[in-house]
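One-based numbering, in listed order, for ligands and for the atoms of each.
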Amino acid sequence: MRSVKGFDEKPFTEAHQHAPVTSVRLHPIKQPAVFNDSTPVPWCPAGRYLSERPVFTLDPLYHAGGYYVQEASSMFLDHLLRQILPGKNELRVLDLCAAPGGKSTLLASLPGEGSLLISNEVIRQRATILEENMVRWGYTNSWVSCNDPRDFARLPGYFDVIVVDAPCSGSGLFRKDSKAIDEWSEGNVVLCSQRQQRILADIWPALKEGGILVYATCSYSPQEDEHILDWLSETFEVKTMACNVPEAWGIVNVSTKRNMSGYRFFPDKVKGEGFFIAALQKTGTAAGLRLPRYRALNDKKVQEQAAYLLQDKPYVFFRTDKDMCNAILPAHETDLQLLKDTLYLRKAGLHLGAPAAKEWLPAHDVALSIERSRSIPTLELSREQALRFMKKEEMSHEGIAKGWYLVTFEGLGLGWVKSLGNRFNNYLPKHWRIRMEIPDTDWA
Ligand code: SAM
């Protein structure tokens, strides 16, 4: 560490005697009225520092995707991309190492009109968590895939932006996660650095000429940070992209032997954990992808049955392989036909549900979508009712007409119930259920 720029041993060691900082990022569209006594994260307008860590599981707004619990240093991606990408529309963005979804939920709302985000995670169980978090965030333009970085070689020059938040040795997380201390070794730093190079070499062909690569780790080791930037500049044609960073923020501007630059976060200098991030531009040429012409996808029957779930604007409706119907934005019709043949797509657009005997069986995803129709019948729940719903309890009632209702808490969708006249069936998917016991006081 003593050779690492910006490292001050005494304050750094002292910072590790304190508890980690708790921070959240508010959903830019759902805009929940929460955490009134919080303070803003300087580099991310939606970021908030909390004075203490609440039990998030017991907050219905967390389940409704009102906010995402994210470490504050990582939110710097917001500042970096806002400076690099302003006014750019129709971008194809890949978050390659995306689970559990911190960077992806941030990326979903950043690029302009018509943009598409592919959040990818190679480890299947982690991809499930990623998918859940992306569903909760509710964007139709955020799709989820489960592929090895190598698989993206089938998409030469396709992406305008690729974020590689690489698996690393994790020294930046020592304060937050004591397991990271036990697992750390010099040998592991070397292994991680080799793996980072492999991942970057695999993904490089998929970046467009002039495209942007964002590389990040939560390690302080130069082998995983500066050396990787130098390796990239030796191996490919790239240049670094810098942004304005006020000195008062305490972020250390790092430059490498080959004049590449990045940003390092130390917990004694910023209110956040250890982190490293850099943005690079591909200056060399990239093979292009010729998009074949595809047939129109829209399924009129699905549209007739399911369009009532969405806002009144154009969508493409289609059936997926799993007997589920989805909607995507018209700008992504060609992307869908290309990507479903090249990647393992776990979520493409928004799941709408499926036709049943005499009705439409609405998917859970619609309840959390930012694009759901405002004319769907809703039932606003109290905090106690919302937590009971999230425990998947059945609820009785009197005098509510039969049919489907979207249940909300403070106006944000939580899921679906079906009224049978005197009780509701709770359609929360089993794996979304709260498992913890809820203390009596939290029903209040
Ligand atoms: N970006 C995430 C976020 O902000 O929530 C955190 C990503 S975490 C630092 C790194 C991710 O890379 C993990 O989810 C891990 O499963 C995945 N990973 C592990 N080995 C990988 C590999 N060989 N190629 C690509 N991703 C890998």
### Message
Counting only heavy atoms not in Glu113 (residues, nucleotides, ligands), do more than 12 fall under 6.0 Å from its CD?
### Response
no

Note: Lys103, heavy atoms under 4.0 Å from ligand 1, region reported as both

task: Could you tell me whether Gly102 and ligand 1 have an N or O pair separated by under 3.5 Å?
output: yes

of all protein heavy atoms, closest to atom 6 (C) of ligand 1 is Ala99 O, 3.1 Å

If you scan protein heavy atoms around atom 27 (C) of ligand 1, the nearest is Val122 CG1, 3.6 Å

If you scan protein heavy atoms around atom 25 (C) of ligand 1, the nearest is Pro149 CG, 3.6 Å

Exercise. Which of parallel (below 30°), tilted (30 to 60°) and perpendicular (above 60°) describes Trp204 and Phe236?
Worked result: parallel

Please check whether Gly101 reaches ligand 1 - meaning an N/O of the residue sits under 3.5 Å from an N/O of the ligand, judged on distance alone.
yes

Within the 4.0 Å heavy-atom cut-off, what Ala166 brings close to ligand 1 is backbone

(message) Ring centres under 6.0 Å, that's the criterion: do Tyr220 and Phe12 meet it?
(response) yes

- prompt: Is Ser74 in contact with ligand 1, taking contact as a heavy-atom separation below 4.0 Å?
  reply: no

Margin query: Centre-to-centre under 6.0 Å for Phe389 and Phe409, is that the case here?
Written below: no

Closest to atom 1 (N) of ligand 1 among protein heavy atoms sits Asp165 OD2, 2.7 Å

Next on the checklist: Tell me if the aromatic rings of Phe275 and Phe76 count as close, with their centers under 6.0 Å from one another.
Outcome noted: no

Q: Please determine if Glu393 and Arg388 form a salt bridge, counting it only when a charged side-chain N lies under 4.0 Å from a carboxylate O.
A: yes

Atom 12 (O) of ligand 1: closest protein heavy atom, distance to 0.1 Å, is Cys97 CB, 3.3 Å

Subject >> Pair Arg82 + Asp78: basic N to acidic O under 4.0 Å >> reply: yes

Note: Ile199, heavy atoms under 4.0 Å from ligand 1, region reported as side chain

Within the 4.0 Å heavy-atom cut-off, what Glu121 brings close to ligand 1 is side chain

Q) Is the Phe152-Tyr158 ring centre distance short of 6.0 angstrom? A) no

shortest atom 20 (N) of ligand 1-to-protein heavy-atom contact is with Pro167 CG, 3.7 Å

Contact region, Cys168 to ligand 1, non-hydrogen atoms below 4.0 Å, reads neither

Given side chains that start at C-beta, do those of Leu280 and Leu232 come closer than 4.5 Å, heavy atoms only? yes

